[in-house]
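Step one of this worksheet: look at the structure below.
Keep in mind the model is a prediction, meaning the values are calculated, not measured. Each chain gets a letter, A, B and so on, in the order its sequence line appears, and its residues count up from 1.
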2 protein chains.
Amino acid sequence: MTLTQLEYTLAVAEVGNFTLAAEKCFVTQPTLSMQVQKLEDELGVKLFNRNTKPIGLTPIGSKILTQAKTIVEESKRMDDIVSMEKGEVKGEFKLGIIPTVMPTLLPMFLNNFIKKYPKVNLKIEDLNTSSIEEKLLGGRLDAGIAATPLENNKLIEKPLYYEPFVGYIPKSHPLSNLEFIEPIDIEELEILVLEDGHCFRNHVLKLCKTTTISKSFDLKSGSFETLVNLVNEGPWITILPYLQTLKMSSVDKANLRYFKDPEPAREISIVYNKSQLKLPIIEALSNQIEGIIRGAIKFDNIQLVAPK
Amino acid sequence: MTLTQLEYTLAVAEVGNFTLAAEKCFVTQPTLSMQVQKLEDELGVKLFNRNTKPIGLTPIGSKILTQAKTIVEESKRMDDIVSMEKGEVKGEFKLGIIPTVMPTLLPMFLNNFIKKYPKVNLKIEDLNTSSIEEKLLGGRLDAGIAATPLENNKLIEKPLYYEPFVGYIPKSHPLSNLEFIEPIDIEELEILVLEDGHCFRNHVLKLCKTTTISKSFDLKSGSFETLVNLVNEGPWITILPYLQTLKMSSVDKANLRYFKDPEPAREISIVYNKSQLKLPIIEALSNQIEGIIRGAIKFDNIQLVAPK
DNA sequence: AAATTTAATAAGAAAAATCTATAATTTTAA
DNA sequence: TTAAAATTATAGATTTTTCTTATTAAATTT
């Protein structure tokens, strides 16, 4: 049994086809077929059922493949251990980012990061907070960027920045006359928030000290753009995270009303597993983001709002 | 990186010497040296410090070797999965047995077992109950034989037999006149028990409803033989497990006094991890033991004494 | 039923793992 | 301190394994 055999076998199980699997492994189809056969011979069991359309696993095959997966995964960690110890910033890095941070933060650092660390193979995915926690614990994610504190003692949080909340209030609304707003000004009925599942929704609801939103309609949107457009057309207001307001048109910007000091804000952190593998990449990433944010957010006096 | 390279490297770390490691791996020394070098080259780090007398690991080497160990261990499980699924009784099997069971039980089944299942490579170790639990959870043991219930919900217990307790009372002692004894007859001061750490000690103390033994001397012995010899010479009595009494001399046997129905007894079980790998071996082993015990212990009416 | 896709087989080429022989180095002992 | 012994590294030959190309066989699609 060799690691190569296990990798080839996993590829077949994944794509359900010997020819494609061979491509994926950068070898010819006979090579891959023979290695899979050798493994089957050595173990003395058929792993695949070659008769079905996408090639299927035999019952014992699926148990063996599960084990093969853990062996291959453990063997891939070897490189991480070396990079870790050498302090090298390289290798695959799976990063999850919550949707209310992704569109504003990612463009700010991605380009520079991949130029500065070309050996890092970033895999970015948008995930809500609970998926991030779950995948981090399962080792299917190397780090996440989320609103904190999470109060999960199996994960490490390193705060990156504090992002103030900003009110978006159209001219037609009475609050528009105020120079600075306060949480107490806002009534639950008039505020539009993101659909359930976004922690930013919780932030806003918490800020306004209300637990349920009962309106004459039900809004399911995950985009701040939709919210802003709706607010422009109706009798409502909404609350945005600061970074979201930077790229707005100057017309929309006129509708922004900042909170009175101390400004309510959310804490955005990079979150990772206690195993601490890939620490060099995590540090490179967080330093880069912190550097960029220092130029974008001037935070003097903020009041933290928890996401949970 | 290949599994072979990892195995060779682990062997060097274990024996601290390339030449011996090569022998252990059934290859020549240059072969092993070159493979270790290839691994070092591929990872880009020196794993061993060749200058020290027994070859030592570099700091990064020791981290890599830890990972190598888990990879190799996981890959060895592959065969177990196959045997498991095929129901084959073969492969390495690490069994821990508590010291108060080992000397009586082992001779009863070992010879027959290795004849009947020559493909099983039994590794037997005497371990106290807590070591068994710990090693089972850590995967360093495949099964244990111990007094139960353990009340550990991460382990599975399968009772093998119930072993009554028997009093050993010299003629000089007043209790010697009774045909059957009862727990209530026994005073804590007159009973000799095994040293701390043996669960049989707990059994006996529990039976006699006493928690501490305060004597004019302190006995540290793990052997029933010592106990019996002491009892023969002094004003004390002791309690033995039934199987221990079978091979006694007829002189000593005359000092045995059985308990009145229901006889107090301990439960001896085979204990194993929930992962249930190696179930075929576990079943073969427990069937064999049960079969043999059926002939040795006729248990009618017993009263279970817990070990904890 | 013909064409296409997909997996298995065969035979040779390339790569690798291993061996024997030997050199270099370190350790031990005189 | 030097000679002998033990241990590791290197070199070249040999065997084994892996991989490729070419082809066959089987299954699926048209």
Next on the checklist: Classify A:Y8 by what it touches in the nucleic acid, base, sugar-phosphate, or nothing, heavy-atom distance under 4.0 Å.
Outcome noted: sugar-phosphate
Checklist entry - Side-chain N or O of B:T19 less than 4.0 angstrom from OP1 or OP2 on D:dT8? => result yes
Next on the checklist: Please classify the nucleic acid contact of B:Q29 as base, sugar-phosphate, or nothing, using heavy-atom distances under 4.0 Å.
Outcome noted: base
Checklist entry - For D:dT18, does OP1 or OP2 lie under 4.0 Å from any side-chain N or O of A:K38? => result yes
Next on the checklist: Of the listed nucleotides (C:dC19, D:dT8, C:dT9), which one gets closest to any side-chain atom of A:Q37?
Outcome noted: C:dT9
Item to check | A:Q5 side chain vs A:T2 backbone, donor-acceptor pair below 3.5 Å | outcome: yes
Checklist entry - What is the nucleic acid contact for B:T31, judged by heavy atoms within less than 4.0 Å: base, sugar-phosphate only, or nothing? => result base
Checklist entry - Quick one: do A:K76 and A:E92 make a salt bridge, cutoff under 4.0 Å? => result no
Checklist entry - Counting only side-chain N and O atoms of B:R50, is one of them less than 4.0 Å from OP1 or OP2 of D:dT7? => result no
Checklist entry - If you check every side-chain atom of A:P30, which of C:dT20, D:dT8, D:dT21 has the closest atom? => result D:dT21
Checklist entry - Using 4.0 Å as the upper bound for N to carboxylate O, is an ion pair formed by A:E85 and B:K63? => result yes
Checklist entry - Looking across every strand, which nucleic acid part, if any, lies under 4.0 Å from B:S33 by heavy atom: base, sugar-phosphate, or nothing? => result sugar-phosphate
Item to check | Closest nucleotide among D:dA9, D:dT18, C:dC19 to the B:V27 side chain | outcome: C:dC19
Item to check | N or O in side chain of B:N17 less than 4.0 angstrom from D:dT8 OP1/OP2 | outcome: yes
Item to check | Lys/Arg-Asp/Glu bridge criterion (N-O < 4.0 Å) met for A:E88, A:K119 | outcome: no
